[in-house]
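As the structure is a computational prediction, the values presented were derived from the model and not from experiment. Below, chains carry the letters A, B, ... as their sequence lines are ordered, and counting in each starts from 1.
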Amino acid sequence: MTDDEKLLQQLLEKQKTGGLKPSDRFAIPSQPMPTQDEVERRSNIDEVALGYTETSARLEAMRCLQCKNTPCIEGCPVKIRIKDFVGAIADGNFGEALDIIKANSLLPAVCGRVCPQEVQCQAPCTVGKKFKDVEKGVAVGRLERFVADWDKSGDSIPEVAPATGKKVAVIGSGPGGVVVAADTRRAGHDVTVFEAFHKPGGVLVYGIPEFRLPKAIVQKEIDTLTKMGVDIVCNFVVGRTRTIAELMKEDGFDAVYIGVGAGLPRFMGIEGEHLVGVYSANEYLTRANLMKAYKFGKGADTPIAMSKKVAVLGGGNVAMDSARTAVRLGAEKVYLVYRRSEKEMPARVEEVHHAKEEGIEFCILQNPKRILGNEEGYVTGMECLKYELGEPDDSGRRRPIPIKGSEFTIDVDTVIVAIGNGANPLIGQTTPGLELSKWGNIVVDENCKTSLEGVYAGGDIVLGAATVILAMGQGRVAAAAINEYLTGKA
Amino acid sequence: MNVSHKILSKSQLSENVFTVEVEAPLVARARKAGQFVIVGISDDYGERIPLTIAGVDTDKGTIRLIWQRVGKTTAEMADLKIGESIDYIAGPLGNPTHIEKFGTVVCVGGGIGNAPLLPIATAMKEAGNKIIGILGARTKELIILEDEFAAISDELIVVTDDGSHGRKALVTEPLQEICSRDPKPDLAVAIGPAIMMKFCCRTTKQLDVPTQVSLNTIMVDGTGMCGGCRVEVGGKTKFVCVDGPEFDGHQVNFDLMMKRLGAYRTQEQKASAQYAEHRCKIGLTDTIRKKQ
Ligand SMILES: Cc1cc2nc3c(=O)[nH]c(=O)nc-3n(C[C@H](O)[C@H](O)[C@H](O)COP(=O)(O)OP(=O)(O)OC[C@H]3O[C@@H](n4cnc5c(N)ncnc54)[C@H](O)[C@@H]3O)c2cc1C
Ligand SMILES: Cc1cc2nc3c(=O)[nH]c(=O)nc-3n(C[C@H](O)[C@H](O)[C@H](O)COP(=O)(O)OP(=O)(O)OC[C@H]3O[C@@H](n4cnc5c(N)ncnc54)[C@H](O)[C@@H]3O)c2cc1C
Ligand code: SF4
Ligand code: SF4
Ligand code: FES
């Protein structure tokens, strides 16, 4: 028996005899996430975080105080009954835990892995507050992932109500689209998902890398949709192959959900951005993930730069994913260049931590001034400026200010720009009457309804850059509104 | 729903240029002149390549593709047989050409550029324009679609670099003459290799003839998500797949574009060579020329 198993036994004994006092719970060590060896994983694409064992999951769950006021639930955008599912795990009732989660979230295996827990469910946790350290709070996400992975049944297909004869079109197969498809299909509607790419899943397949979210998990969710009778049509670009008006007027769709995600990667508008070796993170990650460029020449046909020294610009999840992908593609040196300080980085804490372990060099309070190239147009370096932090700006974060005369050059052959995306223009351009914000995002009301009758939208195309769980949350809201709208419709 | 993309007919237009008529009913229904598709021949490991829709038969639900064998994917496509299928065809993509009655339109095609040019020239003709066609290539065998252009042109000039067919000249020579006429043409449309479009634009700019070009950048998604297709037009960054593929040629920075087109040259040569070797092993006869 391992020490952990002994500890669990002792705690269970104690629980039977007199119950666990908060002090007993505080004494349980916060359970670390086992990970793949930090050197070995630099040359493979397998998942880095390996997941809890039953013992560590139960120990972690026992740290939960079962607070009366459940502050954690407030932190979760879809209001999962965290206290109850964590309690069920502590008791060893994993099936029950799963049912509790599934009542609010369709993709626990995904959210448990990619939610920024430290600013959501884990942020208000009483245990973390006690230790004055969010990371010491109950590891809700890891527990959620544990139950999802524990669930080997997987093949249970949600029940579908009798056919209503109504047709729903879902545009885009990202997390929002998947949720809308499932929820409207469950209500008995005839549902078709239209996806522009040749594979469904949205950012979950083309953006977030395998080492963070195995594609098989996403595929399983897509398969469930198919088994429920949802029709998934790939290589169909709404706006071009068919407009929304045509789908509704000619093809008989009664309602439409637009979940086309973000588009148009932002560049900085500096000299040298058109050089060969300058990528948007979207392009770099799509080549690497969706098109499997890491196997170029060994089966895969999509090339990617064979970089030795890479600079990634930005400080979010997308930047971390790009930097860590570059390591796996064989780069010897990867710099992460961010103009604010590490405290302001929007990336998940765990990703920052993993990135550092993998040898990525953080260049904080720096920003490029121009990208340098040679005669053939290839990147040879990047001239940067040093920054300092001034007064807080509109976002509440301290404004980065360049330090005059602080120019210096770093030697790189590839630059990956991960500073965000604008809105995808295609739907807006081809859908007259659809109200857009001045940034091109679709405007919706509290039910995710757009300015057009029967047309709903959510996810990144509405929120700008969002998260998986926010996109799912909007999907939930939109699906409920669509179901209600269709009930009333003759 | 799985849409089938069976090849109904296929032929070879020159040593390295192939054409197929392939089922793509959704694309055929929506397509307008100037648009393109993204084609993939293997779902899991294949590349996504953009090809112009060279023609369409809406009754049959088919489109025509014409491509030049330059690398691995276009070579694999050249080996597909009638009755076999292309894995996926997404589109139509890009903005349709702005077609109206301009007056006289001079249409300049270089090499494989004749393929994307033909539907545009045809639509311009149908809109009541007078069409002057200029077709150019390195040598006789590489001039494609001459008969089709002859059928719609009011005047057709063919040139080759080596003089093996038509006049011995580069396309810019007759273009210069035509643009110097009085009255000069109202519009030029130039489609071909980037270098050709660059020099055509230089010519027409001097003579003040507005010029449209259709750009063939490297692409991935074709929906405005990746930014791989970006070009500099009038000093601003534009995305060929959603802002183009046609642009005011006088505003395009061709030098930058040409550099970006060469981004993967070494790797692609490797992939082509591997494929050529593989073909030899499996006994396909004619070998791929590595250099065009
Ligand atoms: C690299 C990266 C890392 C990220 N990491 C995290 C993370 O760790 N945690 C987190 O919570 N969030 C993360 N995000 C953000 C998160 O992935 C997104 O907020 C979320 O995926 C948005 O979902 P969505 O439903 O809007 O659709 P998306 O996932 O954006 O998918 C939209 C789909 O619509 C398709 N589409 C687009 N246009 C059309 C059209 N005209 N017709 C048909 N289909 C179309 C697209 O091809 C795509 O498949 C990350 C994003 C990226 C890019
Ligand atoms: C909007 C658009 C429409 C197009 N229409 C046609 C068409 O109708 N017929 C046709 O033959 N081609 C067309 N192209 C070009 C075509 O996409 C490329 O030739 C093809 O991607 C090459 O793939 P490959 O794997 O065979 O070659 P690769 O191995 O990818 O490349 C081989 C060589 O071709 C060059 N190359 C790669 N991509 C392109 C490109 N996009 N344009 C020019 N050179 C390239 C490479 O630098 C390399 O030297 C179009 C491109 C665009 C963007
Ligand atoms: S869905 Fe995300 S925010 Fe909600 S409990 Fe799960 S991990 Fe936390
Ligand atoms: S706040 Fe923390 S300790 Fe309290 S119920 Fe939620 S997870 Fe448990
Ligand atoms: S091809 Fe990706 S944005 Fe144009």
Side-chain angles (χ1 to χ4, degrees), chain A residues 192 196-199 206 231-237 239-243 246 260-267 269 273-287 290-292 295-306 373 375-378 417 421-422 424-426 429, chain B residues 1-3 26-27 29-31 35 37-38 40-49 71-73 76 87-95 220-232 236-237 239 242-243 253 255-264 266-268 270-271 274-275:
Chain A
T192 307
F197 262 130
H198 56 285
K199 250 187 226 149
Y206 73 70
D231 197 6
I232 300 177
V233 183
C234 288
N235 309 302
F236 193 109
V237 185
R240 297 271 194 235
T241 313
R242 213 80 177 116
T243 63
E246 286 165 343
V260 294
L264 298 181
R266 274 195 205 108
F267 289 91
E273 269 174 6
H274 287 262
L275 292 167
V276 177
V278 182
Y279 287 91
S280 78
N282 285 358
E283 181 182 359
Y284 192 76
L285 290 169
T286 304
R287 283 177 183 273
L290 184 71
M291 309 306 295
K292 303 195 170 64
K295 290 197 180 149
F296 182 79
K298 300 186 199 83
D301 294 337
T302 302
I304 196 162
M306 290 290 118
E375 269 299 296
E376 287 80 47
Y378 284 77
V417 185
N421 296 278
N424 194 313
L426 204 53
Q429 280 170 8
Chain B
M1 183 169 80
N2 242 333
V3 186
L26 299 174
V27 176
R29 174 175 63 180
R31 162 272 179 194
Q35 291 186 298
V37 286
I38 284 195
I41 53 172
S42 138
D43 217 8
D44 244 10
Y45 292 99
E47 204 178 359
R48 296 168 60 90
I49 66 163
K72 173 161 187 230
T73 305
E76 274 183 275
D87 246 34
Y88 57 86
I89 300 182
L93 300 169
N95 297 303
V220 184
D221 59 311
T223 63
M225 183 276 287
C226 78
C229 62
R230 66 191 187 277
V231 285
E232 198 182 284
K236 292 209 177 71
T237 294
F239 293 172
V242 285
D243 298 321
N253 186 331
D255 292 334
L256 275 179
M257 182 183 142
M258 283 187 273
K259 285 175 181 160
R260 288 185 63 78
L261 273 174
Y264 300 107
T266 346
Q267 295 168 58
E268 276 155 356
K270 204 173 108 194
Q274 277 180 2
Y275 182 66

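Of the residues considered (A:N282, A:V237, A:V417, A:T243), A:N282 shows the highest number of contacts with chain B, using heavy-atom pairs under 4.5 Å. Listed options B:T237, B:V27, B:D243 were ranked by heavy-atom pairs under 4.5 angstrom with chain A; first place goes to B:T237. With chain B as partner, the option from A:R242, A:Q429, A:E273 having the largest number of non-hydrogen pairs under 4.5 angstrom is A:R242. Of all the listed residues (A:P425, A:G263, A:G269, A:P265), the one sharing the greatest number of non-hydrogen pairs under 4.5 Å with chain B is A:P265. For the set B:R29, B:Q35, B:R31, the entry with the most heavy-atom pairs within less than 4.5 Å of chain A is B:R29. Taking chain A as the reference chain and counting heavy-atom pairs below 4.5 Å, the highest number among B:G227, B:P92, B:G228, B:A30 is found for B:P92.
Checking side-chain atoms of B:D255 against main-chain N and O of B:M258 turns up no donor-acceptor pair under 3.5 Å. Using a distance-only test at 3.5 Å, with no hydrogens or angles considered, a donor-acceptor pair links the side chain of A:S280 to the main chain of B:C226.
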- Task: Show your working on side-chain contact (heavy atoms from CB on, under 4.5 Å) between B:R230 and A:V278 and close with a plain yes or no.
- Result: CA-CA 11 Å; B:R230 66 191 187 277; A:V278 182; 3.5 Å; yes
- Item | Steps toward side-chain contact (heavy atoms from CB on, under 4.5 Å) verdict (A:K199, A:Y206) | CA-CA 9 Å; A:K199 250 187 226 149; A:Y206 73 70; over 6 Å; no
- Task: Evaluate the side-chain contact (heavy atoms from CB on, under 4.5 Å) criterion for residues B:V242 and A:L264: first the C-alpha distance (whole Å), next the side-chain angles of each, then the deciding distance (0.1 Å), finally the verdict.
- Result: CA-CA 9 Å; B:V242 285; A:L264 298 181; 4.1 Å; yes
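Of the atoms belonging to A:T241, heavy atoms from both backbone and side chain fall under 4.5 Å from chain B. The part of A:A262 that comes within reach of chain B is its backbone (N, CA, C, O), which places non-hydrogen atoms under 4.5 angstrom from that chain. Contacts of A:L275 with chain B are made by backbone atoms alone, with heavy-atom separations under 4.5 Å and no side-chain atom involved. Looking at B:V231, only its backbone comes within 4.5 Å of chain A, counting heavy atoms on both sides. Neither the backbone nor the side chain of A:Y284 comes within less than 4.5 Å of any heavy atom in chain B.
Paired with B:I38 under the rule side-chain contact (heavy atoms from CB on, under 4.5 Å), one option of B:I89, B:I49, B:L93, B:V220 passes, and it is B:L93.
With sequence neighbours excluded, no residue forms a ring pair (Phe, Tyr, Trp, His ring centres under 6.0 Å) with B:F239.
Between A:F197 and A:T286, some side-chain heavy-atom pair lies under the 4.5 Å cut-off.
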